[in-house]
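Atoms within a ligand are numbered from 1 in the order they appear, just like the ligands themselves.
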Amino acid sequence: MIKVKKRKILLLPGDGIGPEVIGEVKKIIKWFNDKKSLDFEMDEDLAGGCSYDKHGSPITDEVFYKALESEVVMLGAVGGPKWDDVEFSKKPERALLKLRKELKLFANLRPAICFEQLVSASTLKPEVVSGLDIMIVRELTGGIYFGEPRGIKPIENGERKGINTHTYTTSEIARVARIAFDLARKRSNKVTSCEKSNVMEAGQLWKEEVQELHDKEFKDVELSHMLADNCAMQLLRNPKQFDVIVTDNLFGDMLSDQASMLTGSLGLLPSASLGAKNKDGEMRAMYEPIHGSAPDIAGKSIANPIASILSFAMALRYSLDLDNEADALEKAVQHVLNDGLRTKDILSDGMKEVSTSAMGDAIISKLQ
Ligand code: NAD
């Protein structure tokens, strides 16, 4: 059993804009080490298409073991059109799935907060998104992305059949629902559980298990159930009705991307993927922006690093028990937005456009 090394942070910048945005996180980690004497041990390695190019594999065993012994993994993004024709098992995205699955990171926390300064950057009316603060908890290691059998097989008449299997066990549902209920207690005390219990047995089980856990341990939390398609609609109609949404891997993937647009840009949204605590209270975790490698803007120094920087703030809070430092970093981001600095994706009239690294530098200057 590989032990987690306290305060060890592994950076996996990945592909496309990944190295650009994680470069800004690196500066912030260095700042905390230099100015606050925090003894973060930082290491950096390859994952995704860059690893495939060098080693023929999206993640090598060596890097995987480094991830296993790190308290925090900070990932940028992986993938891009360059690797479209790579065999499925070696695609850059397999690195992500392997890390999530093997580190047993079953709970993906995706906050969607609409900063007051960016209300106008949303495509929705200001009154619909102003003050928005939702936490989406997505199950991350089960469901249709991992279920067996899977594959593409030939069938009669020269046709082919694509197969994926959606499965959940009671314990898989209960452990992620527990995270959602715990989080709700620290927020507005409301959980909405989303599934398709009207057409899927796995959805029916999901609903029953969430309800059972609620009735046994979380009666003080307000629980409602909603069909996932209705939730997609309600997120656009009246998103502020939600506090914590808990849902499966597939629906969570889509609903959280949809929620991101309520806030203005994919470039703003962080995420945390958490595992179970072991008997020593240690937890493996990976933090990453929810956006991808954005090949359309890679190398142009216009990527927004805020999603990655806020992901590091989540690492400070959830893995490193440094709430004050997390608050300080989140406030620094707010101050920079108050000053009117914007990367291109969130630029509006009267604001000043800055590059990726100028945004990182401005956030550091506010930390000072
Ligand atoms: P994407 O998130 O990379 O980009 C979608 C759009 O949002 C693009 O127009 C992009 O320019 C913009 N965008 C994204 N992040 C931004 C940022 N920080 N600042 C400014 N603009 C930003 O999604 P996509 O284009 O569908 O996918 C591109 C590649 O990324 C694909 O290979 C996909 O598989 C991969 N991907 C990886 C992850 C991950 O590593 N976690 C997640 C999603 C997609």
Is the closest side-chain heavy-atom distance between Thr263 and Leu118 below 4.5 Å?
-> no
Counting from 1, what ligand 1 atoms have a heavy atom of Gly80 closer than 4.0 Å?
-> 32 (O)
Would you say the side chain of Leu12 lies within less than 4.5 Å of the side chain of Asp45, judging by non-hydrogen atoms?
-> yes
Flag atom 26 (O) of ligand 1 as yes if some protein heavy-atom distance to it falls below 4.0 Å, otherwise no.
-> no
Sort out for me which residue in Glu282, Glu69, Glu71 forms a salt bridge (charged side-chain N to carboxylate O under 4.0 Å, His left out) with Lys6.
-> Glu71
Check if Val21 has a non-hydrogen atom at a distance under 4.0 Å from any atom of ligand 1.
-> no
Determine, considering heavy atoms only, which of Thr343, Asp296, Asn304 sits nearest to atom 17 (C) of ligand 1.
-> Asn304
Between Ile17 and ligand 1, which residue portion shows a heavy-atom distance shorter than 4.0 Å: side chain, backbone, both, or neither?
-> side chain
Determine whether Leu11 and Ile29 make a side-chain contact, defined as any pair of heavy atoms from C-beta on separated by less than 4.5 Å.
-> yes
Do the non-hydrogen side-chain atoms of Asn249 and Arg138 ever get within less than 4.5 Å of each other?
-> yes
Element-labelled atoms of ligand 1 that are located less than 4.0 Å from some non-hydrogen atom of Gly267 = 17 (C), 18 (N)
For atom 14 (C) of ligand 1, the closest protein heavy atom turns out to be His291 CB, 3.6 Å
Do any nitrogen or oxygen atoms of Val78 come within less than 3.5 Å of a nitrogen or oxygen of ligand 1?
-> yes
Considering only heavy atoms from C-beta outward, does the side chain of Leu310 approach that of Glu330 to under 4.5 Å?
-> yes
Would you sort out whether Asp15 and Lys82 count as a salt bridge (Lys or Arg N to Asp or Glu O under 4.0 Å), showing the intermediate values?
-> CA-CA 10 Å; Asp15 308 315; Lys82 182 179 175 195; over 6 Å; no
Check each atom of ligand 1 against the heavy atoms of Gly79 and keep those under 4.0 Å away; list them by number with element.
-> 32 (O)
Should you measure from each heavy atom of Glu288, which atoms of ligand 1 turn up under 4.0 Å away?
-> 41 (N)
Phe181 and Phe218 aromatic ring geometry - parallel, tilted or perpendicular at 30°/60° bounds | parallel
Among side-chain atoms of Glu116 and Ser130, is any donor-acceptor pair under 3.5 angstrom?
-> yes
Going by the order shown, which atoms of ligand 1 are within less than 4.0 Å of some heavy atom of Leu96?
-> 39 (C), 40 (O), 41 (N)
Salt-bridge contact Asp361-Lys27 (side-chain N to carboxylate O under 4.0 Å) = yes
Which bit of Leu266 is near ligand 1, meaning a heavy atom under 4.0 Å away: side chain, backbone, both or neither?
-> side chain
Option set Pro305, Gly292, Ala47, criterion heavy-atom distance to atom 38 (C) of ligand 1, minimum | Gly292
Are Val128 and Pro239 side-chain neighbours, meaning at least one heavy-atom pair lies under 4.5 Å?
-> yes
Geometric N/O contact Pro289 with ligand 1, under 3.5 angstrom | no
Give a yes/no on ligand 1: does Ser293 have at least one heavy atom closer than 4.0 angstrom to it?
-> yes
Which of the ligand 1 atoms, numbered from 1, are nearer than 4.0 Å to a heavy atom of Ala303 | 19 (N)
Counting from 1, what ligand 1 atoms have a heavy atom of Ala77 closer than 4.0 Å?
-> 40 (O)
Side chains of Glu208 and Gln204: do they bring a donor and an acceptor to under 3.5 Å?
-> yes
Under 4.0 Å to a heavy atom of Pro295 - the qualifying atoms of ligand 1, by number = 28 (C)
Specify the protein heavy atom at minimum distance from atom 12 (C) of ligand 1: its residue, its atom name, and the distance to 0.1 Å.
-> Ala294 CB, 4.5 Å
How about Gln211 and Asp215: does a side-chain donor come under 3.5 Å of a side-chain acceptor?
-> yes
Check: Glu93 N/O within less than 3.5 Å of ligand 1 N/O | yes
Would you call the rings of Phe32 and Phe312 parallel, tilted or perpendicular, where under 30° means parallel and over 60° means perpendicular?
-> tilted
Give a yes or no on whether atom 41 (N) of ligand 1 lies under 4.0 Å from any heavy atom of the protein.
-> yes
Protein heavy-atom partner closest to atom 22 (C) of ligand 1 - residue, atom, separation in Å = Ile297 CD1, 3.9 Å
Note: Lys344, heavy atoms under 4.0 Å from ligand 1, region reported as neither
